[in-house]
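What follows is a short report on a single structure.
Note that the numbering runs from 1 along the sequence shown for the chain. All ligand and atom numbering here is 1-based and tracks the order in the structure.
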Amino acid sequence: MSTYEELLQRAKKASAKGAEGGRFAMPKLELMDEGAKTIIKNFAAIASTFRRKDEHIFKFFLKELAVPGELKGGRAAFAGNFVQRQMDEKLKEYARIFVLCYTCGKPDTNIIAEEGQEKLKCEACGSKGRIRA
Ligand SMILES: [Zn+2]
C-alpha cells in the first residue's frame, strides 16, 4: 500500500469515527393549538434540518394524521388537536423512512430515483436502500 493510500485510509477511519460521536438529534416540533387546529410553528426549520422539501414532510403528516391541513409561511396547520407525543412520533417515523440512512443511521442522505424506484442514498457510508413508504 502506498503512503497516499494509507493516508486516505486513515482519513476515512478518522472521519467515520468522528461522525459516530454525535448521534443525530431529532429536531423538536414546536406545537401550538389555534382553535381546533394544531400548528407546527417551526416546520420550515424541521425541513431544512432534514434537508427535505417542506411539502414532502407535510404530505406525509397529512396522510398519517388523515386530516386536512395547510402549509403556509413556514408553518403547518392540521385540523384537530394533536398532542406533542403523537406529532413527535410522526416526525420520527418520517425520519426513519425518508431521512436516516438504513445502514449507518446518519441523516446525510438524499432521495434519488433509480430503476423506477425511490431510494435513500447515504453520503456518509454510500449505501442505497429502497424507500418503503
Ligand atoms: Zn449511511
Take atom NZ of Lys37 as the centre, draw a 6.0 Å sphere, and report whether it contains more than 12 heavy atoms from other residues, nucleotides or ligands.
-> no
Centroid-to-centroid, Phe58 to Tyr94, below 6.0 Å?
-> no
Taking ILVMFWY side chains as joined if any heavy atoms are under 4.5 angstrom apart, and letting links pass through other members, which residues group with Met32?
-> Ile39
Taken by chain and residue number, the protein N/O/S atoms under 2.8 Å from the Zn ion (ligand 1) read Cys101 SG, Cys104 SG, Cys122 SG, Cys125 SG
Which residues satisfy the salt bridge (charged side-chain N to carboxylate O under 4.0 Å, His left out) test with Arg51, sequence neighbours excluded?
-> Glu123
Decide, yes or no, whether a salt bridge links Arg75 with Glu34 under the criterion of side-chain N to carboxylate O below 4.0 Å.
-> yes
Can you pull the side-chain hydrogen bond (donor to acceptor under 3.5 Å, both in side chains) pairs that have at least one residue in residues 96-105, sequence neighbours excluded?
-> Glu93-Arg96, Thr103-Ser127
